[in-house]
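Each chain gets a letter, A, B and so on, in the order its sequence line appears, and its residues count up from 1.
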Protein chains: 2
Amino acid sequence: MEIDTGDTLNAASFRPQESLSIGAQLHRILRAAIIRGELVPGQAISEIEMSKKFAISRQPVREAFIKLGEERLIEVLPQRGTYIRKISVKEVLDARHLREVIEVSIVREVAEKHDDALIKTLRSLIAEQRKVRHGDNQAFLLLDEEFHRTLALHAGREYMWRVTEGIKAQMNRVRFLTFDSATPMPQLTDEHAQVVDAIEAGNADLAAQRMEQHLRALLNSLPLIAERYPDHFVAE
Amino acid sequence: MEIDTGDTLNAASFRPQESLSIGAQLHRILRAAIIRGELVPGQAISEIEMSKKFAISRQPVREAFIKLGEERLIEVLPQRGTYIRKISVKEVLDARHLREVIEVSIVREVAEKHDDALIKTLRSLIAEQRKVRHGDNQAFLLLDEEFHRTLALHAGREYMWRVTEGIKAQMNRVRFLTFDSATPMPQLTDEHAQVVDAIEAGNADLAAQRMEQHLRALLNSLPLIAERYPDHFVAE
DNA sequence: AAATGTATACTTGTATAGTAGTATTTCAGA
DNA sequence: TCTGAAATACTACTATACAAGTATACATTT
């Protein structure tokens, strides 16, 4: 069975792979909606509300809520209600730091055991990134993630990459807040290119340093964003 | 929920731990059972079996299964069955590596901003570790984890520590396999002490190096263990 | 007027029943 | 004896109903 997403989500984003359970499908849908900010932080959602909206029973909704709770995207208060979690600046910065530690370590490994095929793949991704039309931030985001994932999997660090999935969720919530304004795509792409150059040269220290800078730049506007959208963040 | 009539009006007797749902309680129980090896890898478990065993309905069991599945401790095959995951040597080593990257980064931070209170706490933990009687590996394991957690929280890295919870689950499954044989407690304790010395000296590089060695030693017997318990591991 | 009890309308948590998919067994037919 | 399709016995998945906790509005009492 497949749940009716109605007009809340375009069918193009669905992968025709294996049939997921209703709960798993809803989890994906809600997760994306939270990250994209369609469900705003602090907003109350309920199992009944969602079950009606998608014409399913409460049980699958419940299971989706459990997963979202573990990802810290919502907060389930027993017998009281469920709310979209507000973004915590501290938590986002902490997550970003963990991602930095992970990816710097990965790029070091990659620099020490790279091959021509990898370099070619990475350069191809960078070329695609340059072709993204101005303003299509979502397309760029996908290519950006593929670039980083390629590095992680080449190093054989699937476990690490699975962890960064959760990290990226927190970070992307912030990035989507400024989705209207332009992402500095050319700059980020140049940084990618410089990382690849360092990898190709086999210079692990340089690659690590450039990756570190790259990841730090991603959220350097966080304080301003938090100030502009005070309702989206927890007071701390 | 019922009130405790025994210690009425004694505020100190209040447990800071809120009442967990049945599903959450079962999750804890099963998680511990899997890590301790009481539920052996490959073994089939079912919702009905557990609901009968604990005299509860199947719904809470289901929710516990979902959480265990996300932790990769069990594998839920839709319409087929649920099984205790076999241990993957690659995954354990990858997890250990991630833990190394995380904790080395943490100990660097701690070395650069330590204080006397922290050193005192750490030395106190080490003293307790020395007092653990030979063979009581579980007591040592708890003190070991508290040592590492203290470092993480002092660095203000709660997010990182949450991630290592999942990592430790995978590693501890291996450690519990050799629970009968003696853990080299004196050696591990000495390594802890040397890390603290480096922290107190403010030598971040040395502290990092010693932590790295310490964490690598934890699983150096993994290949032998995997060979001795082939049924517990996935063929790869 | 202020404090307190109570009904009500929410919420999430749990139990039970039935659905749908998979694997195994059974047994007719060669 | 072997083959293969249908019956059977599981499994996880979903739907519905009910239980229990919480917040709020409102009546009651002091």
Side-chain angles (χ1 to χ4, degrees), chain A residues 1-6 16-30 34 39-86, chain B residues 1-5 14-30 34 39 41-86:
Chain A
M1 176 177 179
E2 195 165 294
I3 66 180
D4 178 23
T5 59
Q17 43 182 347
E18 48 191 293
S19 79
L20 291 166
S21 71
I22 292 185
Q25 291 178 58
L26 182 61
H27 170 237
R28 277 194 176 188
I29 294 171
L30 293 181
I34 294 171
L39 294 170
V40 301
Q43 176 181 348
I45 58 177
S46 83
E47 297 178 356
I48 288 185
E49 170 196 358
M50 288 299 160
S51 68
K52 285 180 181 171
K53 180 165 185 169
F54 292 95
I56 57 181
S57 80
R58 266 185 56 212
Q59 230 49 48
V61 177
R62 223 177 129 61
E63 301 184 358
F65 277 22
I66 289 177
K67 291 182 184 176
L68 292 171
E70 304 229 324
E71 295 173 285
R72 302 179 73 79
L73 291 176
I74 67 175
E75 183 156 28
V76 180
L77 303 176
Q79 277 76 40
R80 276 191 284 178
T82 300
Y83 302 87
I84 308 296
R85 259 192 126 90
K86 294 199 175 189
Chain B
M1 184 66 182
E2 59 184 41
I3 61 173
D4 188 359
T5 51
F14 266 126
R15 296 167 194 165
Q17 168 195 2
E18 47 196 282
S19 79
L20 291 169
S21 68
I22 293 182
Q25 290 178 56
L26 182 63
H27 170 238
R28 277 195 177 187
I29 294 173
L30 294 180
I34 294 171
L39 293 171
Q43 178 180 346
I45 58 177
S46 82
E47 297 179 356
I48 287 185
E49 171 196 358
M50 288 298 159
S51 67
K52 284 180 182 171
K53 181 166 186 169
F54 292 95
I56 58 179
S57 80
R58 279 178 36 218
Q59 227 49 49
V61 178
R62 212 175 141 63
E63 300 184 358
F65 277 20
I66 289 177
K67 291 183 184 176
L68 293 171
E70 303 232 323
E71 295 174 287
R72 301 180 72 80
L73 291 176
I74 68 176
E75 184 157 27
V76 180
L77 302 177
Q79 275 77 36
R80 276 192 284 181
T82 301
Y83 302 88
I84 308 296
R85 260 193 127 89
K86 294 200 174 188

Taking all heavy atoms of [X] and all of [Y], pick out the closest pair and write down the distance.
X	Y	answer
B:Glu49	B:Ala44	OE1-O, 3.9 Å
A:Ile22	A:Pro60	CG2-CB, 3.7 Å
A:Ile84	A:Val40	CB-O, 3.4 Å

In whole Å, what is the span from the [atom1] atom of [X] to the [atom2] atom of [N]?
X	N	atom1	atom2	value
B:Met50	C:dT14	CE	C1'	19 Å
B:Gln59	D:dA19	CD	P	17 Å
B:Phe54	C:dA15	CZ	C1'	18 Å
B:His27	C:dT14	NE2	P	14 Å
B:Glu49	D:dA12	CD	C1'	14 Å
B:Lys52	C:dT16	NZ	C1'	14 Å
B:Ile48	D:dA12	CD1	C1'	9 Å
A:Phe65	C:dT11	CZ	P	11 Å

Check your understanding: Can A:Leu77 and A:Thr82 be said to form a side chain to side chain contact (heavy atoms under 4.5 Å, CB included), step by step?
Key -> CA-CA 6 Å; A:Leu77 303 176; A:Thr82 300; over 6 Å; no
Between [options], which nucleotide gets closest to the side-chain atoms of [X]?
X	options	result
A:Arg58	D:dC13, C:dA15, C:dT12	C:dT12
A:Ile56	C:dA15, C:dT14, D:dA15	D:dA15
B:Ser21	D:dA12, D:dT16, C:dT14	C:dT14
B:Arg62	D:dA12, C:dT14, C:dT12	D:dA12
A:Glu47	C:dA15, D:dT11, C:dT12	C:dT12

Check your understanding: Base, sugar-phosphate alone, or nothing: which one does B:Ile66 contact when heavy atoms must sit under 4.0 Å apart?
Key ->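 Answer is nothing: B:Ile66 stays at 4.0 Å or more from every strand.
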Exercise for review: State plainly whether the residues B:Glu75 and B:Lys86 are in salt-bridge range, i.e. N to O under 4.0 Å.
Suggested key: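 The answer is no: the pair does not qualify as a salt bridge.
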Exercise for review: Quick one: do B:Tyr83 and B:Ile45 satisfy side chain to side chain contact (heavy atoms under 4.5 Å, CB included)? Show the steps, please.
Suggested key: CA-CA 6 Å; B:Tyr83 302 88; B:Ile45 58 177; over 6 Å; no
Check your understanding: For residues 71-86 of chain B, which residues have at least one heavy atom under 4.0 Å from DNA chain C?
Key ->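 Here the set is B:Gln79, B:Arg80.
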Review point. Can you find a side chain N or O atom of A:Ser46 that sits less than 4.0 Å from OP1 or OP2 on C:dT11?
Key: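 Yes, such a contact exists.
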**Study point:** Any B:Ser57 side-chain N or O less than 4.0 Å from OP1/OP2 of C:dT14
**Key:**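 For C:dT14, OP1/OP2 do not have a side-chain N/O of B:Ser57 under 4.0 Å.
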Practice item. Could you point out which residue of B:Glu71, B:Glu63, B:Lys67 forms a side chain to side chain donor-acceptor pair (under 3.5 Å) with B:His27? Key: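 That would be B:Glu71.
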